[in-house]
Amino acid sequence: MSAPRPVALIDGNSFYCSCERVFRPSLDGRPVITLSNNDGCAIARTAEAKALGIKMGQPWFQIKHLEQDAGLVAMSANFELYADLSDRMMTVIGQYGPDQHIYSIDECFLYLDGVRGNLTDYVQQIRARVLQWVGIPTCVGIGATYTQAKLANHIAKKRPHWRSVCDLASMPRGAMATLMREIGVGDVWGVGRRLAPRLQALGIHSALDLARADPAAIAKEFSVVLARTVRELRGTPCIDLGDDGTAKQQIVTSRSFGRPVVDQAELAEAITEFTSRAAQKLRGQGSKASAIQVFIRSSPFRPKDRPYSAATTIRLTSATQDSTALVNAVLAGLRAIYRPGVLYAKAGVMLMDFQEEHIEQLDLFSPAPAGPGAARDPGGTALMQTVDHLNTRFGRGAVRLASAGIEQGWANRQERLTPAYTTQWGQIPIVRA
DNA sequence: TCTGGGGTCCTAGGACCC
DNA sequence: TCTGGGGTCCTAGGACCC
């Protein structure tokens with residue numbers, strides 16, 4: 001346990017929508033939303049869109065009428081653009097302190113110990129530079145712990161006249177308590193929609209109530225996780241976010257289909273494509289997988305259509321990062337769980353049980369290399385490197401396994417996709433004088 | 001007609017062992 | 001006949017996050 005250091009949580013406002021506004025200033029002041037894959041539901045909303053009553057995750061078909069009725073602008077999610085602007089934003093913020101932790105595509109923690117003078121003034125400089133250099137508006141919360149910083153960020157968003165910054169770390173206890181009394185317990189980081197009602201039933205309604213609860217009693221009644229939240233609210237750091245460079249422990253690639261899929265051959269195409277993408281991520285972090293899971297399911301929203309959901313996990317005889325080996329395993333798994341006559345809505349794969357790629361655990365039953373100096377490439381490493389290189393250079397899917405299909409009629413609908421303004425030469429905006 | 005995708009950590013319970 | 005208690009490992013599922 002370490003002494004509290006002031007930490008800031010900096011996040012982009014309505015991040016995906018703000019990215020779109022960077023290249024379409026005419027969207028300023030208008031209600032804008034970004035749609036999930038398949039144009040399924042709203043995953044980012046500007047303040048104007050929230051004011052129309054649009055909820056996070058709300059299905060598009062329920063709000064589509066607002067295009068006509070309220071001038072709503074909806075766009076398909078353009079993750080290539082968002083990832084690039086995220087990199088730029090994080091780089092700018094990272095210049096303001098040596099200890100930055102990128103928590104998600106649109107937010108990061110930045111430690112502020114050692115900053116001389118007023119912390120609010122300091123983070124206002126960061127906000128101004130991110131806005132000027134990247135074009136993204138931000139909010140900042142400062143606290144003695146991650147959970148306090150999150151809470152402060154929430155407060156900053158609720159009080160526009162604070163100019164988007166709230167510093168709980170420098171605030172007198174009484175003032176902090178007054179603010180925390182006004183925040184619902186469900187708005188505390190770590191309290192979701194299941195825990196909130198249970199806490200309320202015990203008389204814990206506000207962030208302040210939770211901060212004043214007994215951590216031991218909370219651990220007993222709920223979990224050690226929630227007890228940590230209590231201590232963090234009180235200003236004792238006890239959450240470890242790990243290193244940013246740490247490799248993922250599992251890699252998931254899954255998609256809802258653009259239309260129902262019945263045919264096993266078509267499912268096999270999709271599964272092949274997902275496995276190839278997952279394997280590329282696996283190689284990108286220098287890991288090999290020892291197991292892979294495949295799952296298929298019908299739509300949970302159409303229970304009349306013969307509900308079916310199945311998954312199976314395939315253990316590999318030795319860990320690999322070779323797409324073809326992983327695809328072969330997963331297709332065998334698919335054959336085992338496929339049922340004819342089901343309208344499949346979604347499928348996916350999950351790579352698990354990783355090893356570092358330089359560790360060579362030979363399969364007991366595979367043939368030994370044929371003599372000294374034999375040209376041996378157990379993971380298909382050279383081929384996979386070439387494939388990854390070509391796909392990075394020429395765009396995803398430039399080179400792929402034939403079994404992933406050419407037409408890919410099951411693929412996403414993305415009818416409102418904006419250009420990749422910053423990462424594709426052909427889509428860079430041209431400004432004419 | 002139309003409802004996302006990708007992660008983490010913790011816990012409970014079963015199998016198995018001594 | 002009597003039918004303990006503690007430990008480990010694994011998995012499935014639940015909770016949370018964005």
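It should be emphasised that the depicted structure is a prediction, and the values quoted were computed from it without experimental measurement. Proteins get letters first, then strands, A, B, ... in listed order; numbering begins at 1 in each.
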Task: Separation of dC18(C) P from K157(A) NZ (nearest whole Å) - done: 10 Å

Open item on the list: Tell me whether the side-chain N/O atoms of K346(A) come closer than 4.0 Å to OP1 or OP2 in dG5(B).
Closed with: yes

Open item on the list: Expressed as a whole number of angstroms, how long is the span from K248(A):NZ to dC9(B):C1'?
Closed with: 15 Å

Open item on the list: We want to know whether S298(A) and D305(A) form a side-chain donor-acceptor pair, criterion being a heavy-atom distance below 3.5 angstrom.
Closed with: no

Task: Nucleotide nearest Q250(A) when distance is taken to its side chain, options dT8(B), dC18(C), dG7(B) - done: dT8(B)

Task: Atom-pair distance (CG on D244(A); P on dG7(B)), nearest Å - done: 15 Å

- [ ] Ignoring the backbone of V252(A), work out which of dC9(B), dC16(C), dG6(B) is nearest its side chain.
- [x] dG6(B)

Open item on the list: Can you tell me the base-pairing partner of dC16(C)? Count Watson-Crick or G-U wobble geometry only, both distances below 3.5 Å, and say none if there is no partner.
Closed with: dG7(B)

TODO: Write down the distance between CZ (F295(A)) and C1' (dG6(B)), rounded to a whole number of angstrom.
DONE: 10 Å

Open item on the list: Once you apply a heavy-atom cut-off of 4.0 Å, does I105(A) come out as touching a base, just sugar-phosphate, or nothing?
Closed with: nothing

Task: R339(A) to Y308(A), cation-pi by 6.0 Å centre distance and 45° axis angle - done: no

Open item on the list: For a quick check of understanding: with a heavy-atom distance under 4.0 Å over all strands, which category does L226(A) fall into, base, sugar-phosphate or nothing?
Closed with: nothing

Open item on the list: Judged by each residue's nearest nucleotide on DNA chain B, which is more toward the 5′ side, N37(A) or A247(A)?
Closed with: N37(A)

Open item on the list: Please verify the inter-ring angle class for F109(A) with W189(A); under 30° counts as parallel, over 60° as perpendicular, anything in between as tilted.
Closed with: tilted

- [ ] Take atom C1' in dC17(C) and the same atom in dG4(B), then report the distance between them in whole Å.
- [x] 15 Å

Task: Nucleotide nearest L195(A) when distance is taken to its side chain, options dG6(B), dC9(B), dC16(C) - done: dC16(C)

Open item on the list: Classify R255(A) by what it touches in the nucleic acid, base, sugar-phosphate, or nothing, heavy-atom distance under 4.0 Å.
Closed with: sugar-phosphate

- [ ] Could you check whether K55(A) gets within reach of a base, just the sugar-phosphate, or nothing at all, counting any heavy atom under 4.0 Å?
- [x] nothing

- [ ] Send over the distance from N153(A) CG to dC18(C) C1', rounded to a whole Å.
- [x] 13 Å

Open item on the list: Using whole Å, what does the distance between atom C1' of nucleotide dC17(C) and atom CD of Q249(A) come to?
Closed with: 15 Å

Open item on the list: What contact category does Q58(A) fall into here, base, sugar-phosphate, or nothing, at under 4.0 angstrom with non-hydrogen atoms?
Closed with: nothing

Open item on the list: Classify the ring geometry of Y103(A) against H101(A): parallel below 30°, tilted from 30° to 60°, perpendicular beyond 60°.
Closed with: tilted

Task: Phosphate contact (dG6(B) OP1 or OP2) by S254(A) side-chain N/O below 4.0 Å - done: yes

Could you write out each protein N or O paired with an N or O of nucleotides 1-3 of chain B at a distance under 3.5 Å?
| residue | atom | partner | partner atom | Å |
| --- | --- | --- | --- | --- |
| dT1(B) | O3' | R302(A) | NH1 | 3.3 |
| dC2(B) | OP1 | R302(A) | NH1 | 3.3 |
| dC2(B) | OP2 | R302(A) | NH1 | 2.5 |

Task: Short side-chain donor-acceptor distance under 3.5 Å, R283(A) and S323(A) - done: yes

TODO: Give the rounded distance in Å between these two atoms: NZ of K150(A) and C1' of dC17(C).
DONE: 8 Å

TODO: Go through dT11(C), dC16(C), dG7(B) for me and flag the one nearest to the R315(A) side chain.
DONE: dT11(C)

Task: For atom CH2 of W189(A) and atom P of dC9(B), their distance in whole Å - done: 12 Å

Open item on the list: Checking side-chain polar atoms at under 3.5 Å, does N13(A) have a donor or acceptor matched by the opposite partner on S18(A)?
Closed with: no

TODO: Only one of K157(A), R127(A), E107(A) passes side chain to side chain contact (heavy atoms under 4.5 Å, CB included) with C139(A); say which it is.
DONE: K157(A)

TODO: Answer with yes or no whether the side chains of D322(A) and T320(A) bring together a donor and an acceptor at under 3.5 Å.
DONE: no

Open item on the list: Considering every strand and a 4.0 Å limit on heavy-atom distances, what is the contact class for K64(A): base, sugar-phosphate, or nothing?
Closed with: nothing

